[in-house]
Amino acid sequence: MSQEQPSPPSADSSLDGSDQFAVRQSKLDHLRESGNDPYRSNWDQSHTSREALDLLPEDLEEGPEVSVAGRIVAFRLMGKASFLKIIDRDGKIQSYVRKDEIGDDEYAAFKKLDLGDFVGIRGPLFRTRTGEITIRAKEYRLVSKALRPLPEKWHGLTDNEQIYRQRYLDLIVNDDSRERFRARSRVIREIREFFWSRDFLEVETPMLQAVSGGAAARPFETHFNALDCDFSLRIALELHLKRLLVGGFDRVFEVGRVFRNEGLSRRHNPEFTMLEAYQAYTDFRGMMELTQSLIQQVAERALGTLQMEREDGEAIDLSGTWKEAKYKDLILGAVGRDDWFDLPKSAKLEKTKELGIEVDPELEDFEITNDVFEKIIEHTLIQPTFVTHIPRELCPLAKITEDDESTIDVFELCINGQEIAPAYSEQNDPFVQREAFMKQVGEETQELDDDFLLALEHGMPPAGGMGLGIDRLVIFLTKASNIRDTILFPTLRPA
RNA sequence: GGGUCGGUAGCUCAAUCGGUAGAGCAGUGGCCUUUUAAGCCAUUGGUUCCGGGUUCGAGUCCCGGCCGGCCUACCA
């Protein structure tokens with residue numbers, strides 16, 4: 001380490017810079033040889049970047065000394081002084097490092113730092129000529145070496161596959177992605193706060209289930225060795241939460257992962273996060289108030305606004321009292337005739353062809369109608385809309401409407417052209433429930449959950465229940481276009 | 001599962017009709033004490049996703065495979 005030699009001969013001289021990993025590894029080796037192993041270092045933070053920036057009011061040129069730490073994301077060497085920018089958990093801050101302030105040897109070592117390295121920096125705050133709040137370094141220390149280069153600084157990382165498989169790189173270089181996942185976390189926190197404030201009990205129910213019910217989806221199957229029996233991963237939270245209503249916990253909610261062995265799409269990931277809440281002595285009308293208040297409060301607190309914007313620029317207004325529409329009215333409007341529900345199946349199929357949608361002719365009448373809803377109506381419901389009076393065949397777990405035997409007391413909340421949250425007046429008649437299950441078991445590959453029916457026979461209080469797909473909520477709250485942009489590590493084929 | 005588009009340097013992207021694979025950033029060496037995608041000079045770096053085929057010659061054309069985007073199907 002002589003000061004005279006401008007660049008001491010070392011292993012570096014054999015490296016031409018073509019192999020960035022080798023160059024960085026060589027730098028690491030030299031640090032270790034000189035007793036400065038970065039992987040054995042640490043640093044005490046006095047402030048985060050954000051906190052430090054807040055310490056220098058507009059009218060002041062000089063601020064107190066701070067000690068920060070983070071990853072180097074910009075590095076500008078200018079002879080005997082340098083600027084670098086580090087990123088930590090709440091932002092970025094610039095530091096100014098001068099040779100005459102940290103010393104010749106230290107500065108020589110400093111120049112060997114790389115983009116991506118973690119450093120600690122201590123020094124007073126000041127304002128640069130262009131007004132940027134900056135730390136004038138008195139001391140720095142390398143506390144972890146990055147052996148691989150960061151993605152390009154200007155374009156960031158754009159390759160979708162790499163964004164999903166190496167999310168950490170996306171989070172380092174793509175500000176919007178980092179902010180989207182912070183927003184997701186705030187949304188979930190505010191959801192919990194909402195239910196806690198309404199005296200709901202947060203619970204955890206099994207993910208491994210002998211019978212996975214509560215929805216019509218194919219489950220993932222697995223085998224439990226100790227008991228030598230098959231289990232499936234849950235596809236919904238519903239049936240266990242209702243057992244808790246039976247048990248006397250009359251306001252419960254759970255936020256948790258559910259798993260459905262179905263296809264992938266912009267709106268579907270095989271594991272996704274569901275909220276379900278059940279409240280005794282209310283009904284789907286009560287859930288309507290609850291759901292609207294929940295989403296409004298979450299948006300207000302987590303994002304500070306009720307005015308959303310989709311990726312395509314269209315606005316979504318979450319304020320006020322949300323629209324209500326009867327399922328039947330929406331269908332009649334979409335097909336353009338009042339006698340739709342009296343038409344024979346062949347005429348319905350004829351009409352769907354006119355409307356330009358493909359419908360499987362093997363389907364039941366109500367399924368054809370529901371295809372009309374899902375393929376023509378759903379994606380047009382951008383503004384929050386409670387769709388009510390849904391045909392009873394579509395859900396076996398809800399109460400029948402008192403003055404209309406053909407519909408159930410439920411709503412399906414649609415926002416952003418997607419189903420976000422269904423809610424029901426929960427069926428608590430064990431006979432009607434068993435009948436509905438039997439009918440479903442007959443036509444689907446569905447197992448009967450006898451244990452749940454046994455619980456119902458002990459008596460479940462009248463209740464309203466609601467389920468909400470958190471990933472889809474986050475999609476429109478954060479202007480994302482794809483569910484994968486709201487899930488940190490989305491499901492991909494193994495590399 | 002089907003359709004379609006794509007995979008080129010660490011990253012972001014070029015490469016005409018099938019004719020020597022290039023640029024910016026990053027890296028390396030040098031200059032530079034308030035920069036802002038810092039600047040200037042020089043410079044390294046390629047299994048063109050993989051495997052076959054056609055051809056004098058393939059990043060480019062054909063066949064097969066792998067991985068991904070979008071659309072679609074499945075999806076309470």
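The figures here come from the full heavy-atom set of this structure, side chains too, leaving out hydrogens, waters and symmetry mates.
We find that CZ of A:Phe21 is positioned 18 Å from C1' of B:U28, with the value rounded to whole Å. Taking atom CG of residue A:Leu492 and atom P of nucleotide B:C66, one finds them 16 Å apart after rounding to whole Å. In this structure, A:Asp485 atom CG and B:G68 atom C1' are separated by 14 Å, rounded to whole Å. With rounding to whole Å, A:Arg24 atom CZ is found 8 Å from B:U28 atom P. Rounded to an integer number of Å, the gap from A:Glu101 CD to B:U34 C1' is 13 Å. Between the NZ atom of A:Lys375 and the P atom of B:C71 there is a distance of 16 Å, rounded to whole Å. Across the protein-nucleic acid pair, A:Arg267 atom CZ and B:C74 atom P stand 13 Å apart, rounded to whole Å. Distance, A:Phe126 CZ to B:U35 C1': 10 Å, rounded to whole Å.
With RNA chain B read from its 5' end, the first of the two nearest nucleotides for A:Pro494 and A:Pro422 is the one closest to A:Pro494. For the pair A:Gln94 and A:Ala74, both in contact range of RNA chain B, the more 5′-proximal nearest nucleotide belongs to A:Gln94.
Using a 4.0 Å heavy-atom distance criterion, A:Asn482 is classed as a sugar-phosphate-only contact. Using a 4.0 Å heavy-atom criterion, one finds that A:Ile163 contacts no nucleic acid atom at all. Counting non-hydrogen atoms under 4.0 angstrom, A:Lys99 reaches nothing in the nucleic acid.
Phosphate proximity of B:U33 to A:Arg98: absent, as no side-chain N or O sits under 4.0 Å from OP1 or OP2. At the phosphate of B:U28, OP1 or OP2 sits under 4.0 Å from a side-chain N or O atom of A:Lys27. Taking side-chain N and O atoms only, A:Arg165 has no distance below 4.0 Å to OP1 or OP2 of B:C67. Within the structure, every side-chain polar atom (N or O) of A:Arg266 is placed at least 4.0 Å from both OP1 and OP2 of B:C70. In this model, the phosphate group of B:C74 is not approached by any side-chain N or O of A:Arg218 to a distance below 4.0 Å at OP1 or OP2.
When the nucleotides B:G68, B:G27, B:U36 are ranked by their closest atom to the side chain of A:Val23, B:G27 comes out on top. Of the listed nucleotides (B:U34, B:A37, B:C74), B:C74 has the atom at the smallest distance from the side chain of A:Glu262. Taking the side chain of A:Thr128 as heavy atoms from C-beta on, and the options B:G29, B:U36, B:C32, the nearest nucleotide is B:U36.
Rounded to whole Å, the separation between the C1' atoms of B:U60 and B:U48 comes to 10 Å. When the P atom is compared between B:C41 and B:U4, the two are found 49 Å apart, to the nearest whole Å. When the P atom is compared between B:G46 and B:C56, the two are found 30 Å apart, to the nearest whole Å. On the P atoms, B:G45 is 13 Å away from B:G10, given to the nearest whole Å. Nucleotides B:U54 and B:C71 place their P atoms 40 Å apart, quoted to the nearest Å. Nucleotides B:G1 and B:C61 have their P atoms positioned 26 Å apart, rounded to a whole Å. Comparing the same atom, C1', in B:C66 and in B:C31 gives a spacing of 48 Å after rounding to whole Å. Spacing between B:G7 and B:U12 at atom C1', rounded to whole Å, works out to 14 Å.
Using a distance-only test at 3.5 Å, with no hydrogens or angles considered, a donor-acceptor pair links the side chain of A:Glu367 to the main chain of A:Glu364. A:Glu378 contributes a side-chain N or O that, together with a main-chain N or O of A:Glu419, makes up a donor-acceptor pair within less than 3.5 Å. For the pair A:Arg167 (side chain) and A:Ile487 (backbone), a donor-acceptor distance under 3.5 Å is present. Under the 3.5 Å distance criterion, the side-chain polar atoms of A:Asp449 are matched with a main-chain donor or acceptor of A:Phe452. Checked by atom type and distance alone, the side chain of A:Asp90 pairs as donor or acceptor with a backbone atom of A:Arg50 at under 3.5 Å.
B:C40 has its base anti relative to the sugar, with a glycosidic angle deviating from 0 by more than 90°.
Judged by distance alone, with hydrogens and angles left aside, A:Arg76 brings a side-chain donor or acceptor within reach of the base of B:U35, the pair sitting under 3.5 Å. A:Arg136 contributes a side-chain N or O that forms a donor-acceptor pair with the base of B:U34 under 3.5 Å. A donor-acceptor contact under 3.5 Å is not formed by the side chain of A:Asp16 with the base of B:U43.
Using N1 to N3 plus N6-O4 or O6-N4 for Watson-Crick, or N1-O2 and O6-N3 for G-U wobble, each under 3.5 Å, B:C31 pairs with B:G39. Remark: B:G6 base-pairs with B:C67; criterion is Watson-Crick or G-U wobble with both hydrogen-bond distances under 3.5 Å. Pairing for B:G45 is absent, judged as Watson-Crick or G-U wobble with the two contacts each under 3.5 Å. The nucleotide B:G1 finds its pairing partner in B:U72, both defining distances of the Watson-Crick or G-U wobble pair being shorter than 3.5 Å. Both distances falling under 3.5 Å, in either a Watson-Crick or a G-U wobble arrangement, place B:U12 opposite B:A23.
Under the side-chain contact (heavy atoms from CB on, under 4.5 Å) criterion, A:Ala22 pairs with A:Leu15, A:Asp19, not counting sequence neighbours. Scanning for side-chain contact (heavy atoms from CB on, under 4.5 Å) contacts around A:Thr401 gives A:His389, A:Asp403, A:Asp404, A:Thr407, A:Asp409, with sequence neighbours left out.
The pair A:Lys242-A:Glu426 meets the salt-bridge criterion, since a charged nitrogen lies less than 4.0 angstrom from a carboxylate oxygen. A salt bridge links A:Glu405 with A:Arg392: at least one charged nitrogen is closer than 4.0 Å to a carboxylate oxygen. Ion pairing between A:Asp450 and A:Arg434 holds under the 4.0 Å rule for side-chain N and carboxylate O.
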Verdict with reasoning, A:Asp159 to A:Tyr164, per side-chain hydrogen bond (donor to acceptor under 3.5 Å, both in side chains):
CA-CA 9 Å; A:Asp159 176 59; A:Tyr164 299 142; over 6 Å; no
So if I define the base as every atom that isn't primed, P, OP1 or OP2, how would nucleotides 7-12 of chain B read as a B/S/- string at a heavy-atom cutoff under 4.0 Å?
---BBS
